[in-house]
Asks: 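Sharing a structure here in structure tokens format.
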Amino acid sequence: MTVKETYEKKLQAQLDEWEAEINKLKDKADKAAAEAQPEYNKLIDELRSMQEAAKKKIAELKAAGDNAWEHLEEGIENIFNSLGKALDSMNSRFQ
């Protein structure tokens, strides 16, 4: 397995884990008090938007050649870091 393939698998696994977390947050938001639901749903929509951006970056990575993918790495890391921090923040709100 190449370095690129290993990196793709790592990113996809992280994204799959976050998908499950977002789904759990959505379930909690649905059970929250009615007045809190609009805010929670807005935040979850933002998480989903970030998740879609991460999926697009993974698709770009997969399409990039074995020697050209490294220039995408910084952008991918930025998106993944932002999504991770946003999920942590949202999880804190539901504690």
Side-chain angles (χ1 to χ4, degrees):
M1 184 176 297
T2 67
V3 172
K4 179 186 170 209
E5 291 169 334
T6 302
Y7 186 58
E8 286 173 17
K9 286 186 183 286
K10 176 187 138 199
L11 293 174
Q12 189 60 55
Q14 182 65 68
L15 202 55
D16 292 344
E17 182 181 316
W18 286 340
E19 171 76 21
E21 283 187 50
I22 292 170
N23 289 337
K24 287 179 189 175
L25 289 171
K26 178 65 175 147
D27 289 342
K28 288 180 181 180
D30 290 343
K31 294 174 185 169
E35 62 272 0
Q37 285 184 357
E39 179 186 354
Y40 289 150
N41 286 329
K42 180 182 178 231
L43 294 170
I44 289 168
D45 287 345
E46 290 174 14
L47 290 173
R48 296 246 188 245
S49 177
M50 295 171 81
Q51 180 185 27
E52 285 304 311
K55 286 180 182 179
K56 287 178 184 176
K57 283 295 185 182
I58 290 175
E60 286 179 34
L61 176 66
K62 288 180 179 181
D66 286 338
N67 296 323
W69 68 272
E70 291 168 338
H71 75 279
L72 298 171
E73 192 171 4
E74 183 177 343
I76 291 169
E77 292 295 324
N78 288 337
I79 288 171
F80 272 71
N81 287 335
S82 295
L83 180 54
K85 287 178 184 175
L87 265 168
D88 288 343
S89 175
M90 188 70 171
N91 276 320
S92 294
R93 288 178 177 231
F94 278 104
Q95 296 297 327

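The chain is numbered in sequence order, starting from 1.
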Asks: Thinking salt bridges, do Lys4 and Glu70 make one under a 4.0 Å N-O criterion?
Replies: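 Not counted as a salt bridge, because no side-chain N and carboxylate O are separated by less than 4.0 Å.
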Asks: Between the side chain of Ser82 and the main-chain N/O of Asn78, is any donor-acceptor distance below 3.5 Å?
Replies: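 At least one qualifying donor-acceptor pair exists.
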Asks: If you round to the nearest 0.5 Å, how far is CD of Glu5 from NZ of Lys62?
Replies: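 It comes to 10.5 Å.
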Asks: So Lys57 and Glu60, salt bridge (Lys or Arg N to Asp or Glu O under 4.0 Å) or not? Walk me through it.
Replies: CA-CA 5 Å; Lys57 283 295 185 182; Glu60 286 179 34; 3.6 Å; yes
Asks: Report the distance from atom CD1 of Ile22 to atom CG of Leu43, rounding to the nearest 0.5 Å.
Replies: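 Between atom CD1 of Ile22 and atom CG of Leu43 there are 11.5 Å.
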Asks: Please determine whether a side-chain nitrogen of the Lys or Arg among Glu52 and Lys56 lies less than 4.0 Å from a carboxylate oxygen of the Asp or Glu.
Replies: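 Between Lys56 and Glu52 there is no salt bridge, as every charged N stays at least 4.0 Å from the carboxylate O atoms.
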Asks: Begin with the C-alpha distance, continue with both residues' side-chain angles, and end with the deciding distance and a verdict on side-chain contact (heavy atoms from CB on, under 4.5 Å) for Lys28 and Tyr40.
Replies: CA-CA 9 Å; Lys28 288 180 181 180; Tyr40 289 150; over 6 Å; no
Asks: Please check if any side-chain donor atom of Asn81 sits under 3.5 Å from a side-chain acceptor atom of Glu77, or the reverse.
Replies: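 No donor-acceptor contact under 3.5 Å links the two side chains.
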Asks: Which residue in the set Leu11, Leu15, Ile79 passes side-chain contact (heavy atoms from CB on, under 4.5 Å) when paired with Lys55?
Replies: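 Single pass found, and it is Leu15.
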Asks: Just how far is it from atom CD1 of Ile76 to atom NE2 of His71, taken to the nearest 0.5 Å?
Replies: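 NE2 of His71 is found 9.0 Å from CD1 of Ile76.
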Asks: Assess the residue pair Met90 and Glu46 against the criterion (side-chain contact (heavy atoms from CB on, under 4.5 Å)); give the C-alpha distance rounded to whole Å, side-chain angles, the decisive distance to 0.1 Å, and a yes or no.
Replies: CA-CA 11 Å; Met90 188 70 171; Glu46 290 174 14; over 6 Å; no
Asks: Where is the tightest heavy-atom contact between Gln37 and Ala32, given as atom of each residue plus distance?
Replies: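 So the two residues come closest at NE2-O, 3.0 Å.
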Asks: Once you round to the nearest 0.5 Å, how far does CE of Met50 lie from CG of Asp45?
Replies: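 Output value for this atom pair is 13.0 Å.
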Asks: Sequence neighbours excluded, which residues qualify as salt bridge (Lys or Arg N to Asp or Glu O under 4.0 Å) partners of Asp30?
Replies: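 Asp30 satisfies salt bridge (Lys or Arg N to Asp or Glu O under 4.0 Å) with Lys26 only.
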Asks: Is Phe80 close to Gln14 at the side-chain level, that is, under 4.5 Å between some pair of heavy atoms?
Replies: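 Heavy-atom side-chain distance check passes, below 4.5 Å.
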Asks: Would you check if Glu8 and Met1 make a side-chain contact, meaning some heavy-atom pair closer than 4.5 Å?
Replies: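 A side-chain contact under 4.5 Å is absent here.
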Asks: Closest approach of Leu87 and Leu47, non-hydrogen atoms and distance?
Replies: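 Of all heavy-atom pairs spanning Leu87 and Leu47, the closest is N-CD2, 3.8 Å.
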Asks: What I want to find out is whether Lys24 reaches Glu21 closely enough, with some N-O distance under 4.0 Å, to be called a salt bridge.
Replies: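 No salt bridge links Lys24 with Glu21.
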Asks: Answer yes or no: is there a side-chain heavy-atom contact under 4.5 Å between Glu73 and Tyr7?
Replies: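 Side-chain contact under 4.5 Å: yes.
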